[in-house]
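Report on one structure; see the data block that follows.
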Amino acid sequence: MTENLPKARPDLLTPGPAAYARGAEALAAGDLVSFPTETVYGLGGDAGNDKAVAAIFAAKGRPSFNPLIVHVLGEEQAESFAAFDDRARRLAELFWPGPLTLVLPRKPNAPLSLLVSAGLDTVAVRAPVHPVARALLQASGRPIAAPSANVSGHVSPTAPIHVAEEFPDGGGGRLKLILAGGKCPIGVESTVLDLTGEQPVLLRPGSVTREELEAVLGPVALAGADAGVKAPGMLSSHYAPNLPVRLDATSVGADEALLAFGPDQFTRGGHERLNLSPTGDLHEAAANLFAMLRALDKPCCKAIAVMPIPEQGLGVAINDRLRRAAAPR
Ligand code: TXA
Ligand code: MG
């Protein structure tokens with residue numbers, strides 16, 4: 001961006017009526033506000049304001065061909081810009097508010113920035129269930145475009161301190177406040193489902209599972225070569241810590257950090273050790289995933305070794321994020 005804004009640390013505010021009013025004011029002025037959702041922290045801007053949406057891309061250093069999710073209170077607000085069919089209505093009824101993002105046709109003349117869709121004729125929309133996200137949506141009365149509040153390619157933030165660390169200068173000056181609403185309960189980003197074609201396509205696994213979607217819709221395809229969908233979020237290296245990540249570790253070196261899951265039986269190695277869930281609970285593991293990757297990402301170690309995670313339920317989403325963290329950069 002060519003503007004020269006004062007680069008200042010964003011304010012961390014405790015959620016409450018005064019904080020929501022300031023958040024709404026900042027959004028109305030075209031500035032950015034970070035807020036917690038049930039999945040991860042978002043970097044929010046008014047989805048109808050081109051300057052605000054451009055500021056999101058600039059703050060993240062995000063390639064602008066990667067479109068953003070528009071957050072709403074519910075289906076009624078979403079209907080003003082997205083075309084719902086029967087499938088979309090059923091899913092919204094069953095899973096909203098909650099961690100399911102629907103990619104739908106964008107209505108002609110939708111009152112949204114074109115940049116939100118990165119030039120596509122579709123739009124991704126979700127209604128978060130987190131009370132702080134909902135209070136901000138209420139206070140602003142506007143749909144809020146919000147990617148995860150991290151620099152593009154970094155690990156997603158699940159606590160306010162992560163957001164502050166990602167944007168020490170306020171993301172170029174536009175990020176004015178962080179609504180500090182504690183730790184995100186789910187911890188991995190929403191499930192993204194493309195409903196713009198006849199065949200529903202799962203673009204990103206999340207805590208709403210493929211099985212749950214198939215119970216409502218019938219067969220759901222996986223994004224990939226065969227689905228014919230180029231999901232922009234599928235850039236393979238993503239969610240990457242600085243250290244290399246080694247998956248399915250059955251041993252750990254003395255110079256490695258260990259990210260364990262379930263009973264940690266390694267008696268040797270593991271310069272630093274954290275356990276996603278000693279009891280092997282996938283929900284607990286998802287909630288800890290990004291914070292523990294950040295905590296282990298220290299120069300004292302050569303790599304992060306990760307124990308195997310079962311590929312079921314939320315484990316599918318956890319393994320998806322881990323594979324991207326381990327992908328060649
Ligand atoms: O849980 C979440 O979804 C979080 C919180 C803040 O709501 N947001 C989030 O946003 O993860 P972001 O921007 O980091 O991820 C959005 C994903 C990307 O993979 C993007 O490519 C995909 O959704 N997406 C957005 N709009 C799309 C569209 N029109 N067509 C296909 N994919 C789209
Ligand atoms: Mg992201």
Side-chain angles (χ1 to χ4, degrees), residues 32-45 47 53 56-57 59-72 81-83 95-106 110 112-130 132-134 136-137 143-158 162-163 166 178-179 181 184-197 200-208 223 227-240 286 289-290 317 320-321 324-325:
L32 309 182
V33 176
S34 178
F35 59 95
T37 78
E38 63 276 22
T39 57
V40 301
Y41 272 73
L43 180 66
V53 176
I56 295 175
F57 283 106
K60 282 185 68 88
R62 180 176 196 144
S64 46
F65 53 79
N66 200 352
L68 306 177
I69 296 174
V70 179
H71 295 67
V72 293
F81 57 82
F95 295 103
W96 281 8
L100 175 65
T101 295
L102 301 176
V103 176
L104 300 173
R106 188 182 156 117
L112 287 187
S113 158
L114 286 171
L115 205 50
V116 153
S117 301
L120 302 172
D121 53 7
T122 58
V123 61
V125 59
R126 91 173 185 97
V129 71
H130 195 292
V132 175
R134 298 193 68 75
L136 181 66
L137 282 161
I144 300 176
S148 51
N150 54 277
V151 172
S152 193
H154 284 189
V155 175
S156 294
T158 54
H162 302 159
V163 181
E166 288 287 316
I178 301 170
L179 297 176
C184 300
I186 294 176
V188 291
E189 302 84 346
S190 62
T191 304
V192 180
L193 183 73
D194 184 347
L195 286 179
T196 59
V201 182
L202 186 65
L203 298 182
R204 181 173 72 185
S207 68
V208 174
V229 177
K230 191 92 194 110
M234 295 179 56
L235 305 166
S236 58
S237 168
H238 217 84
Y239 312 102
L289 178 67
F290 291 135
D320 169 75
R321 306 311 189 269
R324 290 164 198 255

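Note that these values count all heavy atoms, side chains included, but never hydrogens, waters or copies made by symmetry. One-based numbering, in listed order, for ligands and for the atoms of each. Since the model is a prediction, treat every value here as computed from it, not as a measurement.
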Exercise. Is Thr122 in polar range of ligand 1, meaning some N or O pair under 3.5 Å apart?
Worked result: yes
Exercise. Side-chain donor-acceptor pair under 3.5 Å between Ser190 and Thr39, yes or no?
Worked result: no
Exercise. So is Ser190 polar-close to ligand 1, meaning N/O to N/O under 3.5 Å?
Worked result: yes
For this session: Answer with yes or no whether Arg106 contacts ligand 1, where contact means a heavy atom under 4.0 Å from a ligand atom.
Result: no
Problem set entry | Heavy-atom nearest neighbour of atom 10 (O) of ligand 1 within options Pro128, Ser156, Pro147 | Pro147
Problem set entry | Salt bridge present between Arg126 and Glu38 (N-O < 4.0 angstrom) | yes
For this session: Between Ser34, Ala146, Ala82, flag the one that comes closest to atom 8 (N) of ligand 1 by a heavy atom.
Result: Ala146
For this session: Examine the proximity of ligand 1 to Leu203 and report which part, side chain or backbone, both or neither, has a heavy atom under 4.0 Å away.
Result: side chain
For this session: Pull out every atom of ligand 1 sitting under 4.0 Å from any heavy atom of Ala124, numbered as shown with elements.
Result: 25 (C), 26 (N), 27 (C)
Exercise. Between Phe95 and Thr191, does a side-chain contact (heavy atoms from CB on, under 4.5 Å) hold up when you go through it step by step?
Worked result: CA-CA 11 Å; Phe95 295 103; Thr191 304; over 6 Å; no
Exercise. Atoms of ligand 1 less than 4.0 Å from Glu189 heavy atoms?
Worked result: 1 (O), 2 (C), 11 (O)
Problem set entry | Where ligand 1 meets Thr39 - atom numbers and elements under 4.0 angstrom, heavy-atom basis | 1 (O), 2 (C), 4 (C), 5 (C)
For this session: Select the closest option to atom 6 (C) of ligand 1 among Pro105, Pro36, Gly42, judged by heavy-atom distance.
Result: Gly42
For this session: Report yes if some N/O of Lys60 lies less than 3.5 Å from some N/O of ligand 1; otherwise report no.
Result: no
Exercise. Looking only at N/O atoms, are Tyr41 and ligand 1 under 3.5 Å apart anywhere?
Worked result: no
Seminar exercise, completed: Closest heavy-atom approach to atom 4 (C) of ligand 1 among Thr191, Thr101, Val40 is made by Val40
Seminar exercise, completed: Atoms of ligand 1 under 4.0 Å from any heavy atom of Arg126, numbered from 1 in the order shown, are 1 (O), 2 (C), 3 (O), 5 (C), 7 (O)
Exercise. Of the backbone and side-chain N, O or S atoms of Ser148, does one lie nearer to the Mg ion (ligand 2) than 2.8 Å?
Worked result: yes
For this session: For ligand 1, note which part of Ser148 has a heavy atom under 4.0 Å away: side chain, backbone, both or neither.
Result: both
Exercise. Is Asn150 close to Val155 at the side-chain level, that is, under 4.5 Å between some pair of heavy atoms?
Worked result: no
Problem set entry | Glu38 touching ligand 1 at heavy-atom level, < 4.0 angstrom | no
